[in-house]
**Q** 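Let me give you the structure first, and then I'll get to my questions.
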2 protein chains.
Amino acid sequence: MSLGGLLGEGTGAALQQVRTEPIQQRSAARLSGLLDAAAAVVDEVGFDRITTAMVAERAGASIGTVYRYYPDRVAVLHALHERAVARFRQRVVDELSASTLTSWWDAVDCVVTAFVGLYRTEPGFRIVNFDDRDGAPAADAVADADFFARRLADVLVNEFDLPSGDDLIFRLGVAVEMADALLARAFHSDPIGDERFITECRLVMRDYLDRFYSPQALDLLATLP
Amino acid sequence: MSLGGLLGEGTGAALQQVRTEPIQQRSAARLSGLLDAAAAVVDEVGFDRITTAMVAERAGASIGTVYRYYPDRVAVLHALHERAVARFRQRVVDELSASTLTSWWDAVDCVVTAFVGLYRTEPGFRIVNFDDRDGAPAADAVADADFFARRLADVLVNEFDLPSGDDLIFRLGVAVEMADALLARAFHSDPIGDERFITECRLVMRDYLDRFYSPQALDLLATLP
DNA sequence: TGGTCACCGAGTGGAATTCAATCATCCTGG
DNA sequence: CCAGGATGATTGAATTCCACTCGGTGACCA
């Protein structure tokens, strides 16, 4: 789940992707250099044509260096995905603080906007996000989505007084799944993103959550014990 | 898109997956045996760890035999998916004819029910379905989803007088994406399927489509030119 | 009995991964 | 300040793995 884990400071699994934590400064540059190279290569040749040799060469490193940091080919792509998600997280924060939020809806809208922005500007993300659903990430994905739903729930509860609880988390989880699917569809064959799906995504999110959390629904809820 | 192509009699690419059409009877059994083996292996080791050797061994055949029928490893998984979809198609038909349909909603509900049943009973489908978005099928997937949306639109237009047109197809496409995401989520870590997500899927589908195609909405639409 | 059809499995090639050797940097005692 | 050992970082040839090919062998048919 790609929207998952957006607000987490690392979801646990993320950090263990790196085999050996770099100790000297130069290797930090190496690490991000490898990811930059991977992003470029993925954009050029696609997900399933990428080879470790290409990544190494593009990064000006040797094969062995790749394996020093990542246990296998797929882990490199995972890490690329993780980094993109981290940048997205920052983007959400920026977006949230740059906007004047008058209701929970504005916050949700910011998240969608940030995600769309990520698709558009982060090299390789579009492809990695589609293809990263295999194998290993599958297990993490649900945990990530759940984690993200919890974080988002915190924000909505604290900022907009939505009623906290498992119901809210579950519904945000549902919303995240739907949004991810629709945005993936929007960008599937269109680097700019098909606006119809993006618009419909916002609409669906709002309608779905309005059902439970519109002012009217909340008022109604308040009148009941 | 996994719900995609459900009602199609083959989407064009489907039939060309088999390299050589079997001529003698025994080879028909071989073919389905290979798929059974692939399904079992996929269930055991997962999508990206499956090897042609594993499939061959499980089927009691040799590597060469696999390649006699399928051009490559991915084609085997395509074929497995296709077979599952074919069975699903039958299940939809059964479901539709076994139910008394009083509105378009009943038809949509049947599709969801059939899809859930497929997840539960078709070996290997759960995993293949997740990963079928990736790699090669990715391109087909959107076409499939679109194709399925069109077929479903036909049914709803003919049986329940929904207004035909691109809008209906687009909205069904959106609905398909959402349903697929939510059902995938329901079965992601639960072989039986998390009922909360299944229920929510039905609810979301209905709410979303009701917005445009509820009796009230249709009446309203009718009063306008 | 000749001609397809089906099957086999060692062989090929390319990509993933390993690992022993080498280089770079840091650290410490003098 | 500076040997020079210790440890981190890098290398790339060697190895392993795996998808895929192909020539040979038997099975069915007419």
Side-chain angles (χ1 to χ4, degrees), chain A residues 15-38 40-42 44-80 128 131-132 134-137, chain B residues 16-38 40-42 44-80 128 131 134-137:
Chain A
L15 292 180
Q16 296 182 350
Q17 279 179 349
V18 179
R19 249 180 172 173
T20 305
E21 207 61 23
I23 294 183
Q24 300 175 1
Q25 318 86 309
R26 58 173 168 164
S27 39
R30 268 269 180 240
L31 245 168
S32 67
L34 284 175
L35 291 187
D36 291 340
V41 172
V42 144
E44 275 176 29
V45 307
F47 180 84
D48 48 6
R49 300 216 188 289
I50 193 173
T51 71
T52 51
M54 288 181 193
V55 174
E57 187 188 358
R58 175 69 65 107
S62 74
I63 299 283
T65 301
V66 174
Y67 283 92
R68 171 167 186 79
Y69 294 110
Y70 299 103
D72 56 35
R73 192 180 66 96
V74 185
V76 178
L77 295 166
H78 281 9
L80 181 58
V128 169
D131 299 314
D132 197 20
D134 308 337
Chain B
Q16 296 181 351
Q17 279 178 348
V18 178
R19 241 180 178 175
T20 305
E21 207 62 24
I23 294 186
Q24 299 174 3
Q25 318 85 311
R26 58 172 168 165
S27 39
R30 270 271 175 227
L31 243 168
S32 68
L34 284 174
L35 291 187
D36 291 339
V41 172
V42 149
E44 275 176 29
V45 307
F47 177 82
D48 50 4
R49 300 220 185 288
I50 193 173
T51 70
T52 51
M54 287 180 195
V55 174
E57 187 187 358
R58 175 68 64 104
S62 75
I63 301 278
T65 301
V66 174
Y67 283 93
R68 170 164 191 80
Y69 294 110
Y70 297 102
D72 57 35
R73 194 180 65 95
V74 183
V76 177
L77 294 167
H78 280 8
L80 179 58
V128 169
D131 299 308
D134 312 331

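Order of the sequence lines sets the chain letters (A, B, ...), proteins ahead of strands, with each chain counted from 1.
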**Q** CZ of R49(B) versus C1' of dT17(C): gap in Å, rounded?
**A** 13 Å
**Q** Can you tell me the distance, in whole Å, between the CD atom of E57(A) and the C1' atom of dA15(C)?
**A** 15 Å
**Q** Could you tell me how far apart I63(A) (CD1) and dG14(C) (C1') are, to the nearest whole angstrom?
**A** 12 Å
**Q** Would you mind reading off the distance between L31(B) atom CG and dC7(C) atom P, rounded to a whole angstrom?
**A** 9 Å
**Q** Can you find a pair of side-chain heavy atoms, one from Y70(A) and one from L77(A), that are under 4.5 Å apart?
**A** no
**Q** Is there side-chain contact between T52(B) and Y67(B), with at least one heavy-atom pair below 4.5 Å?
**A** yes
**Q** Taking the nucleotide of DNA chain C with the closest heavy atom to each, which residue, I50(A) or G64(A), is nearer the 5' end?
**A** I50(A)
**Q** Do V76(B) and L34(B) touch side chain to side chain, with heavy atoms closer than 4.5 Å?
**A** no
**Q** Need one value for T65(A): base, sugar-phosphate or nothing, where a base atom within 4.0 Å counts as base even if backbone is also close, heavy atoms only.
**A** base
**Q** Starting at CG of D72(B) and ending at C1' of dC20(D), how long is that distance when rounded to a whole Å?
**A** 9 Å
**Q** Any side-chain N or O of R30(B) less than 4.0 Å from the OP1 or OP2 oxygen of dC5(C)?
**A** no
**Q** Hey, does the side chain of Y69(B) come within less than 4.0 Å of dC7(C)'s phosphate (OP1/OP2), counting only N and O?
**A** yes
**Q** Map T51(A) and G60(B) onto DNA chain C by nearest heavy atom, then report which one ends up closer to the 5' terminus.
**A** G60(B)
**Q** Under 4.5 Å between any side-chain heavy atoms of R73(A) and I50(A), yes or no?
**A** yes
**Q** Starting from P on dG11(C), measure out to OH on Y67(B) and report it in whole angstrom.
**A** 18 Å
**Q** Taking atom P of dG9(C) as reference, at what distance in whole Å does atom CZ of R68(B) sit?
**A** 16 Å
**Q** Return the value, rounded to whole Å, for the distance between atom CE of M54(A) and atom P of dT17(C).
**A** 15 Å
**Q** dT10(D), OP1 or OP2 - any side-chain N/O from S62(A) closer than 4.0 Å?
**A** no
**Q** Once you round to the nearest 0.5 Å, how far does CE of M54(B) lie from CD of E44(B)?
**A** 9.0 Å
